[in-house]
Undergrad: 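The structure follows.
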Amino acid sequence: MSGMTRRQFLRSSGVGLGLGVLGGGCASAMKGDFAPKTGRRVVVVGGGWGGATAAKYVRLGDPSVEVVLLEPNRQFVSCPFSNLVISGVRTLDSITFDYAGLRRHGVRVIHEMASGLDPAAKRVRVGEGYLEYDRAVVAPGVEFQWEQVEGLAANQDKVLHAWKAGPQTQALAGQLRAMPDGGVFVLSIPPAAYRCPPGPYERVCQVAWYLKQNKPKSKLIVLDANQNIISKTALFRAAWQAYPNIEYRASNKVVKVDPTAREVTTDFGDKVKYDVVNLIPPQRAGTIAVQADLVGADKRWCEVNHVTFESVKAPNVHVIGDSTIGLPVPKSGNVANAMGKVAAVAIVHQLNGKQPPELAPGNTCYSWVSDREAIAVVNTYKIENGKVVQIEQKLTPGQSVAVAQNSLGWAQSIWNDILG
Amino acid sequence: MRWLMSLVLVLAAATAVSAGPLDSPGAMKALNCSACHGFAGQSSGDTMPILAGLWPEYFKKAVADYASGKRPSTEMEPYAKQAMQFGVDDLAAYFGGLKREPTKIASDAAAVARGRTAAQQCVSCHGPEGRGDRAKLIPDLAGQPPGYLKNQMILFRDDRRSPGDDMVKSVKTIMKSLSDATMSDLAAYYSSVR
């Protein structure tokens with residue numbers, strides 16, 4: 001390899017060529033070991049807030065490590081700010097990005113779904129073939145527990161969650177616009193833990209704001225499986241003073257939906273009629289994490305080492321983002337981004353035979369309570385005896401335009417941190 | 001002997017691992033900063049200041065003031081405490097060692113021109129182009145994002161930045177005399193200085 005950098009070698013080798021073809025989406029080519037490993041390789045499963053960040057930062061940390069990112073979607077749609085698409089304050093286009101920036105960092109992005117993980121053989125399955133890795137990052141986000149709500153699995157096209165930003169976000173916005181004035185919008189919040197604890201309550205604000213402006217005779221009924229608002233509680237309560245159209249019912253878990261009767265049923269047996277329903281289903285770790293048995297006894301979430309994010313159940317497999325449990329952090333985009341960076345640094349250290357540093361995440365979380373004002377909660381953490389512990393949590397004193405402006409600056413920077 | 005020395009040097013160069021962008025302790029400790037302030041402190045957002053190129057002593061004062069609540073900020077107080085926990089000296093050295101790339105957020109040329117005129121009253125402390133005074137910890141404003149600069153002016157005006165601090169009394173007096181439009185012009189001007 002004299003006279004040639006490792007990167008040049010990879011670029012000119014069959015590895016680069018093979019993956020380049022696959023980048024075009026040629027599933028039939030993926031048989032056996034379809035891109036044999038020639039050096040150290042990290043395979044990242046999932047290109048969301050955590051996975052995309054990890055992929056980029058492994059390359060930044062050690063450009064001699066090959067990074068393959070498996071993500072079926074060709075576009076990255078931000079969940080943060082997607083509630084503002086439902087209310088029409090933002091467009092879906094304004095929160096949609098591509099993966100070109102990661103490719104510029106030398107990440108090999110393949111738009112295919114990883115179908116399985118074999119930690120013993122250090123392989124990720126893709127199509128009919130597999131990729132070998134030295135270390136894997138599993139960042140599959142959440143999967144919905146459709147079976148927890150009767151009638152939901154069979155009616156996924158009519159009963160929208162809009163909890164993964166994309167076509168459903170747009171579709172729910174359309175349903176809201178088509179609802180007659182005087183109609184009832186029912187929003188169902190699942191029991192914790194779920195992705196983005198304050199997200200449903202921000203959505204309540206956005207739907208209520210839209211209805212107040214455009215359909216003043218309409219009502220928003222919130223059926224919350226939890227006993228109370230589970231995040232930024234006092235700030236949301238204060239914000240809701242501006243929306244008398246909200247009817248909030250705590251400890252009301254939806255167990256059944258009937259799109260023909262346009263009705264949901266709670267665990268108390270109460271039936272609630274709707275014109276539009278937004279049912280956010282109960283959640284667990286992404287399917288690949290469950291199938292690879294990275295989850296705990298509850299079969300829902302993955303426990304990890306707090307310093308390296310290595311799975312407690314499988315060596316050389318790091319789990320980051322919403323799939324994790326056991327850290328005192330919310331399932332937020334900012335935390336997933338921070339975990340991606342901490343895990344990437346740990347992986348680079350481990351691949352080079354060094355002790356990973358004790359870093360810890362932070363969480364900056366904004367919620368828009370109208371078309372112009374926002375609130376925020378900020379948490380920072382440190383490592384104590386090998387575990388993540390909170391240093392401090394701080395909430396904004398109230399809602400303001402200034403906080404909303406800060407959130408725009410945050411979004412611009414963090415999207416760039418993930419993908420730029 | 002000389003050829004031997006050369007050989008040793010060549011071998012040393014070949015085996016030395018070149019320092020990557022994450023290799024310093026400060027770079028690793030700064031990972032949480034990049035969510036808002038951009039990678040290597042090069043913020044691309046309008047409201048988030050660029051940390052690259054901040055004088056270490058100014059950075060440390062800002063972090064200490066945020067952590068103690070003297071400079072009140074919901075966002076920065078917890079992160080400043082984390083920075084102190086991780087090691088603020090490493091962070092200050094890291095950001096101080098980077099070159100500030102001026103913000104890419106462009107301002108209206110007329111606003112920049114008006115701001116240049118209005119900036120005469122700032123020169124005695126911040127210098128002719130807003131480059132500040134390191135010895136007095138008066139910050140370099142040049143190239144910071146306009147949204148951030150304007151927010152700070154508003155915080156000074158309303159006595160919400162370092163309330164009760166005599167060191168910044170004069171800047172607050174000036175800010176109280178400025179219209180909102182003039183603040184925007186000043187922000188446009190200083191952000192445009194290259």
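In what follows, every chain begins at residue 1, and chains take the letters A, B, ... in the order their sequences are listed.
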Undergrad: Does anything in residues 107-140 of chain B get under 4.5 Å of chain A by heavy atoms, and if so which residues?
TA: none
Undergrad: Quick check on A:A402 against chain B: is it the side chain, the backbone, both or neither that has a heavy atom closer than 4.5 Å?
TA: neither
Undergrad: Over all heavy atoms of both residues, which pair between B:P78 and A:V378 is shortest? Give the atoms and the distance, please.
TA: CG-CG1, 3.8 Å
Undergrad: Within a strict 4.5 Å, meaning less than it, do heavy atoms of the A:L359 and B:L31 side chains meet?
TA: yes
Undergrad: Do you know which of A:P357, A:A360, A:A344 has the most heavy-atom pairs under 4.5 Å to chain B?
TA: A:A360
Undergrad: For A:I391, which atoms come within 4.5 Å of any heavy atom of chain B: side chain, backbone, both, or neither?
TA: side chain
Undergrad: Is it the backbone or the side chain of A:L395 that comes under 4.5 Å from a heavy atom of chain B, or both, or neither?
TA: backbone
Undergrad: Decide yes or no on side chain to side chain contact (heavy atoms under 4.5 Å, CB included) for B:L22 and A:V345, but give the supporting numbers first.
TA: CA-CA 8 Å; B:L22 298 181; A:V345 168; 4.2 Å; yes
Undergrad: Step through the atoms of chain B and chain A and list each donor-acceptor pair whose separation is under 3.5 Å.
TA:
| from | atom 1 | to | atom 2 | distance (Å) |
| --- | --- | --- | --- | --- |
| B:L31 | O | A:K341 | NZ | 2.6 |
| B:N32 | ND2 | A:A360 | O | 2.7 |
| B:S34 | OG | A:Y57 | OH | 3.3 |
| B:S34 | OG | A:K341 | NZ | 2.7 |
| B:S34 | OG | A:D417 | OD1 | 3.1 |
| B:S34 | OG | A:D417 | OD2 | 3.0 |
| B:A35 | O | A:I414 | N | 3.1 |
| B:C36 | O | A:S413 | OG | 2.6 |
| B:T47 | OG1 | A:Q405 | O | 3.4 |
| B:E75 | OE2 | A:Y366 | OH | 2.8 |
| B:E75 | OE2 | A:N406 | ND2 | 3.1 |
| B:E77 | OE1 | A:K394 | NZ | 3.3 |
| B:P78 | O | A:T380 | OG1 | 2.8 |
| B:Y79 | OH | A:N363 | N | 3.1 |
| B:Y79 | OH | A:T364 | OG1 | 2.8 |
| B:K81 | NZ | A:E392 | OE1 | 3.4 |
| B:K81 | NZ | A:E392 | OE2 | 2.6 |
| B:Q82 | NE2 | A:A360 | O | 3.4 |
| B:Q82 | NE2 | A:P361 | O | 3.1 |
| B:Q82 | NE2 | A:Y381 | O | 2.7 |

Undergrad: Which answer fits B:M48, side chain, backbone, both or neither, if we ask what part of it has an atom under 4.5 Å from a heavy atom of chain A?
TA: side chain
Undergrad: Does atom NZ of B:K169 have more than 12 heavy-atom neighbours, drawn from other residues, nucleotides or ligands, at distances under 6.0 Å?
TA: no
